[in-house]
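For ligands, and for the atoms within them, numbers begin at 1 and follow the listed sequence.
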Amino acid sequence: MLTFKQNIRGNVALGVNPLGCKQDVLNQIDYVKSNGTYEGPKKVLIIGASSSYGLATRINLAFGAGADTIGVSFEKGPKNERNLGTAGWYNNIAFREEAEKEDLIAKNFVQDAFSHETKQEVIEYIKNEFGGKVDLVVYSLASGVRKDPETGELYKSSIKAIGEPVVGPHINMQNESFYTETLEPADEQEIADTVNVMGGEDWQLWMEALKESGVLTEGVLTTNYSYLGTELNHAYYGGGTLGRAKADCDEKAENINQLLADINGKAQIVVATAVTTKASSVIPFFPVYCIGLYKVMEEKGTHETPIMHIDRIYRDMIYGDKPEYDEVGRLRPDSWELDSDTQAKTKELIEQLNAENFNSDMTAYDTFFKEFSNLSGFMVDNYVEQEVTLDELKALNY
Ligand code: NAI
């Protein structure tokens, strides 16, 4: 029998509980179902579908709107008792099993989304086995590296400031410590490489390939999750390398809008709220912002996990009657985070934090840690310990 151990290095989760991942997917499905069904898209492609925002989107559209889905992700399966693979691997499997119980198509492509081959394989699948067209394409990829599809060159993204170094408080969840971190400014090459990896080029390449192959419906929508943040994180996010990458997505959205004009399609940047994900846990200083922000938002009743936020985005905003757009047409579900009283209280709280109190009742450290643990299948609500063998895990098919 396998034992599952939560293994954290810095703020990176290494261990996984496959059965906990399954329970977490079930919990998200229950959340969506408890809100009932809604009229939404029916044939959806999600690029970056196996965790956090992408997974929540897939769950929401399948179990809320009855959509068939194709999910593209990059995950690893179990090798041996010490290397059980990644959480997203098990999320994909749990999602497919549950969707198929409701007669929904749930096709997983576990391969590099940046490559031309993956795009062509997905297109062939849409043509031959998915009814020929998709009416929504969700781009929710987060990656530290991108292999250029033409040259094979590997680009790495850097999470860095631009111009001046940034000095501020950070936390380490491995040893539950609070310390001062210095984030160096990026050079021009690092900025360009981060835009290459996390900017909108690949999104545009996907949309061009899909359009050219005639697999997009009239009126197709494509969404891409962005983050703008506030003055509390501007120095290292909006004003840093990641901010440049997000600005590139805004530009590419305009290109895609032109590309889709003749089929009345639309590219929608969705400025999503700060949530606990694999990606956000490793952004320097960001967890400190989150433990302050979540505390304030919990007290106001506005704190959301990805599934809650995504449910509001698709059910109420995009396919509902309560969208909020900004002056350049981006959807702004992040308005709860940006609320001026929320931000003022968060600032006041963060300024009081130190090594003694950062993990006390003053903050939402416990919430952040639990949400972080949930991503790898630990501390999951309703989880009941069960026995499973390595061979049983290896036999699971995505
Ligand atoms: P995540 O790390 O939880 O998920 C990323 C997904 O991309 C996974 O499904 C992973 O398998 C997939 N992926 C990575 N490299 C791939 C590759 N080469 N080929 C195929 N799939 C690949 O990320 P998260 O945090 O959900 O981020 C998704 C988007 O949401 C990002 O654009 C992020 O900037 C944005 N966002 C995140 C916020 C946050 O607070 N975490 C806030 C607002 C926006």
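- Between Tyr314 and Tyr225, the two ring planes are perpendicular [angle over 60°; tilted spans 30° to 60°].
- At least one N/O-N/O distance between Val275 and ligand 1 falls below 3.5 Å.
- If you look at Phe286 and Tyr227, their ring centroids are closer than 6.0 Å.
- For ligand 1, the polar-atom distance check finds no N/O of Ala272 at less than 3.5 Å from any of the ligand's N/O atoms.
- For the pair Thr273 and ligand 1, a heavy-atom separation below 4.0 Å is found.
- The cationic group of Lys33 does not satisfy the cation-pi geometry with Tyr31, failing either the under 6.0 Å distance to the six-membered ring centre or the 45° limit from the ring axis.
- In this structure, Gly88 falls outside the shell of residues with a heavy atom less than 4.0 angstrom from ligand 1.
- Scanning all protein heavy atoms for the shortest distance to atom 41 (N) of ligand 1 gives Thr277 OG1, 3.1 Å.
- Between the side chain of Arg146 and the backbone N or O of Asp193, no donor-acceptor pair lies under 3.5 Å.
- For the residue pair Asp366/Tyr294, the side-chain donor-acceptor check at 3.5 Å is not satisfied.
- Distances from atom 16 (C) of ligand 1 to the heavy atoms of Phe74, Tyr139, Trp89 put Phe74 nearest.
- The closest approach between a heavy atom of Arg146 and any atom of ligand 1 is not below 4.0 Å.
- Of all protein heavy atoms, the one closest to atom 34 (O) of ligand 1 is Lys246 NZ, 2.7 Å.
- For atom 4 (O) of ligand 1, the closest heavy atom belonging to the protein is Ser51 OG, 3.1 Å.
- In terms of protein heavy atoms, atom 27 (O) of ligand 1 is closest to Ala142 CB, 3.7 Å.
- Of all protein heavy atoms, the one lying nearest to atom 19 (N) of ligand 1 is Ala113 N, 2.8 Å.
- Interatomic distance, OG of Ser280 versus OH of Tyr237, reported as 9.0 Å (0.5 Å rounding).
- Between Tyr139 and Trp206, a ring centre-to-centre spacing not shorter than 6.0 Å is recorded.
- Residue contacts with ligand 1 do not include Lys147, since none of its heavy atoms lies under 4.0 Å from the ligand.
- The protein heavy atom nearest to atom 29 (C) of ligand 1 is Ser140 OG, 3.8 Å.
- Nearest protein heavy-atom neighbour of atom 38 (C) of ligand 1: Tyr53 CE1, 3.7 Å.
- Nearest to atom 35 (C) of ligand 1 among the protein's heavy atoms is Tyr225 O, 3.7 Å.
- In this structure, Asn108 contributes its side chain and Tyr398 its backbone to a donor-acceptor pair below 3.5 Å.
- Aromatic ring pairs are classed by plane angle as parallel below 30°, tilted from 30° to 60° and perpendicular above 60°; the pair Phe130 and Tyr125 is tilted.
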